[in-house]
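Just so you know, these numbers come straight off a predicted model, no measurement behind them.
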Amino acid sequence: MKKIRDCVRMICLFIRLVFEMLRNYPALNDDLKNNFLICKKICRKVVKSAKIKLSIKNQEKIPVDRPFLIVSNHRCFFDVVFLLATLDYAVSFVAAEELWHYPILHKYLDSIKCIALDRYTKDVAKIKSGITNMKEALTKGNVVLFPEGECSYYEEEMQPFKKGGFLGVIGMDVSIVPAFIRIHEIRNIGRWMIPQGEVLVEIGEAFTPNSMGDGKRAAELAEYAQSKVKEMQQK
């Protein structure tokens, strides 16, 4: 019976999300701030429909004097919803390339200037193109990266942060901002994870690639960033 209720709940949330996206679709334009606020409004409505108590802690730690890269754990699809619903600053996301296959969704992804990433490619040219696109995005605005590469789903422990996303910040004057999304209860229908109750987005102390010393490699940045996210997880 519980599984049936969870399934109905997920379907209702999905319908609400699609309805809001269709309803707000005509209001999207070329203005990033406008589009971000539309996405924020949609996500807040979805969170309210899910009866989730969502809050953010230490948002004032995000430096706004330079572009920033938020790096966060990634438990489920709702992580994107939680960040859009709580952040006060317009952000783009590094997102899986296959998400652009969905007609309505790809318009929203483009509207907030998300960066498409082929997570499985071994094509050097595509890898270099992804790094270039991320660098360009960070010269113009702020970006969110889930360095685990995909949702951890059933596992509460984070997967190792991959170095790929950090290749795009080497040598750049950007702030790397660790974040931890704490979901107090979660249920699942296969790989559809349904958060319950309270969710907290916590922002940690920012650092810059240069503050770690010259010659730091992407793998070292990834390892250090994950250690900062884990510090928040273990509180």
A.B. asks: So do the side chains of L69 and N142 get within less than 4.5 Å of each other, counting heavy atoms only?
C.D. replies: no
A.B. asks: Test of understanding: clusters of I, L, V, M, F, W, Y form through side-chain heavy atoms closer than 4.5 Å, transitively. Do L28 and V91 belong to the same one?
C.D. replies: yes
A.B. asks: Identify the heavy atoms of K113 and D30 that sit nearest to each other, and give their distance.
C.D. replies: NZ-O, 4.5 Å
A.B. asks: Above 12 or not: heavy atoms from other molecules or residues under 6.0 Å from NZ of K163?
C.D. replies: no
A.B. asks: Kindly state whether the ring of F36 and the ring of Y89 have centres lying under 6.0 angstrom apart.
C.D. replies: no
A.B. asks: Is N35 reaching over with its side chain to a backbone N or O of S111, donor-acceptor style, under 3.5 angstrom?
C.D. replies: yes
A.B. asks: For E223, look at atom CD and say whether over 12 heavy atoms of other residues, nucleotides or ligands are found less than 6.0 Å away.
C.D. replies: no
A.B. asks: Decide yes or no on side-chain contact (heavy atoms from CB on, under 4.5 Å) for I203 and V177, but give the supporting numbers first.
C.D. replies: CA-CA 7 Å; I203 304 298; V177 184; 3.5 Å; yes
A.B. asks: May I ask you to test the H106-L99 pair for a side-chain heavy-atom distance under 4.5 Å?
C.D. replies: no
A.B. asks: Say whether L84 and F77 are linked into one hydrophobic cluster, either directly or through other cluster members, by side-chain heavy-atom distances under 4.5 angstrom.
C.D. replies: yes
A.B. asks: Given 3.5 Å as the limit, does a donor-acceptor pair link the side chain of Y108 with the main chain of C39, or not?
C.D. replies: no
A.B. asks: K61 versus N58: any side-chain heavy-atom pair under 4.5 Å?
C.D. replies: yes
A.B. asks: Salt bridge check: are E20 and R16 linked by an N-O gap of less than 4.0 Å?
C.D. replies: yes
A.B. asks: Look up atom CE in M10 and atom CZ in R187, then write down how far apart they are to the nearest 0.5 Å.
C.D. replies: 11.5 Å
A.B. asks: Heavy atoms, side chains only, cut-off 4.5 Å: are H184 and Q196 in contact?
C.D. replies: no
A.B. asks: Hey, does the side chain of N24 reach the backbone of K41 with a donor-acceptor pair shorter than 3.5 angstrom?
C.D. replies: no
A.B. asks: Using only atom types and a distance under 3.5 Å, with no angle test, would you say the side chain of S92 pairs donor to acceptor with the backbone of I112?
C.D. replies: yes
A.B. asks: For K33 versus D31, what's the shortest heavy-atom pair and its separation?
C.D. replies: N-OD1, 3.0 Å
A.B. asks: To the nearest 0.5 Å, how far apart are CZ in F180 and CD in Q234?
C.D. replies: 9.5 Å
A.B. asks: Roughly how far, to the nearest 0.5 Å, is the CZ atom of F207 from the NZ atom of K228?
C.D. replies: 8.5 Å
A.B. asks: How long is the gap from CG on L13 to CG on L17, to the nearest 0.5 Å?
C.D. replies: 8.5 Å
A.B. asks: Measuring from S72:OG to I181:CD1, what's the distance to the nearest 0.5 Å?
C.D. replies: 3.5 Å
A.B. asks: If you take all heavy atoms of V169 and M134, which pair is closest and at what distance?
C.D. replies: CG1-CE, 4.4 Å
A.B. asks: Hey, is the main chain of A116 close enough, under 3.5 Å, to the side chain of E97 for a donor-acceptor pair?
C.D. replies: no
A.B. asks: Are the side chains of E198 and I52 in contact, using a 4.5 Å heavy-atom criterion?
C.D. replies: no
A.B. asks: With the 4.5 Å side-chain cut-off for hydrophobic clustering, are I170 and Y224 part of the same group?
C.D. replies: yes
A.B. asks: Any side-chain heavy-atom pair from F166 and V71 closer than 4.5 angstrom?
C.D. replies: yes
A.B. asks: Restricting to non-hydrogen atoms, name the atom on K57 and the atom on L200 that form the minimum distance, rounded to 0.1 Å.
C.D. replies: CB-CD1, 3.9 Å
A.B. asks: Do any N or O atoms from the side chain of R182 and from the backbone of E202 form a donor-acceptor pair under 3.5 angstrom?
C.D. replies: no
A.B. asks: Please check this pair: side chain of R9 against backbone of A50, looking for a donor-acceptor N/O pair closer than 3.5 Å.
C.D. replies: yes
A.B. asks: State yes or no: do I70 and I56 share one hydrophobic cluster built from I, L, V, M, F, W and Y residues joined by side-chain heavy-atom distances below 4.5 Å, directly or via other members?
C.D. replies: yes
A.B. asks: Are E148 and K162 close enough for a salt bridge, meaning some N to O gap below 4.0 Å?
C.D. replies: no
A.B. asks: Identify the two heavy atoms, one from F161 and one from Q226, that lie closest to each other, and give their separation to 0.1 Å.
C.D. replies: N-OE1, 2.9 Å
A.B. asks: Out of I131, T139, T132, which one pairs with K135 under the side-chain contact (heavy atoms from CB on, under 4.5 Å) rule?
C.D. replies: I131
A.B. asks: Taking the side chain as every heavy atom from C-beta outward, state whether I176 and F68 have any pair of such atoms under 4.5 Å apart.
C.D. replies: no
A.B. asks: Backbone N or O of I115 within a donor-acceptor pair of the N133 side chain at under 3.5 Å?
C.D. replies: no
A.B. asks: If you apply the rule side-chain contact (heavy atoms from CB on, under 4.5 Å), what do you find for I183 with F82, and how did you get there?
C.D. replies: CA-CA 10 Å; I183 301 173; F82 297 146; 4.2 Å; yes
A.B. asks: Check the surroundings of atom CG in N29: do more than 12 heavy atoms from other residues, nucleotides or ligands lie under 6.0 Å from it?
C.D. replies: yes
A.B. asks: Heavy-atom distance under 4.5 Å between the side chains of K40 and R44, does that happen here?
C.D. replies: yes
A.B. asks: Check for a donor-acceptor pair, side chain of D79 on one end and backbone N or O of C76 on the other, with a separation under 3.5 Å.
C.D. replies: yes
A.B. asks: So, for P178 and E205, which heavy atoms are closest and what is the spacing to 0.1 Å?
C.D. replies: CD-O, 3.2 Å
A.B. asks: Would K53 and V199 satisfy side-chain contact (heavy atoms from CB on, under 4.5 Å), going step by step from the backbone distance to the final call?
C.D. replies: CA-CA 6 Å; K53 184 180 178 182; V199 174; over 6 Å; no
A.B. asks: Is there a side-chain contact (heavy atoms from CB on, under 4.5 Å) between V201 and Q59 once you walk through the steps?
C.D. replies: CA-CA 9 Å; V201 177; Q59 183 163 195; over 6 Å; no
A.B. asks: Supply the atom-to-atom distance L37 CG to L32 CG, rounded to the nearest 0.5 angstrom.
C.D. replies: 9.0 Å
A.B. asks: Any chain of hydrophobic side-chain contacts (each under 4.5 Å) joining F14 to V47?
C.D. replies: yes
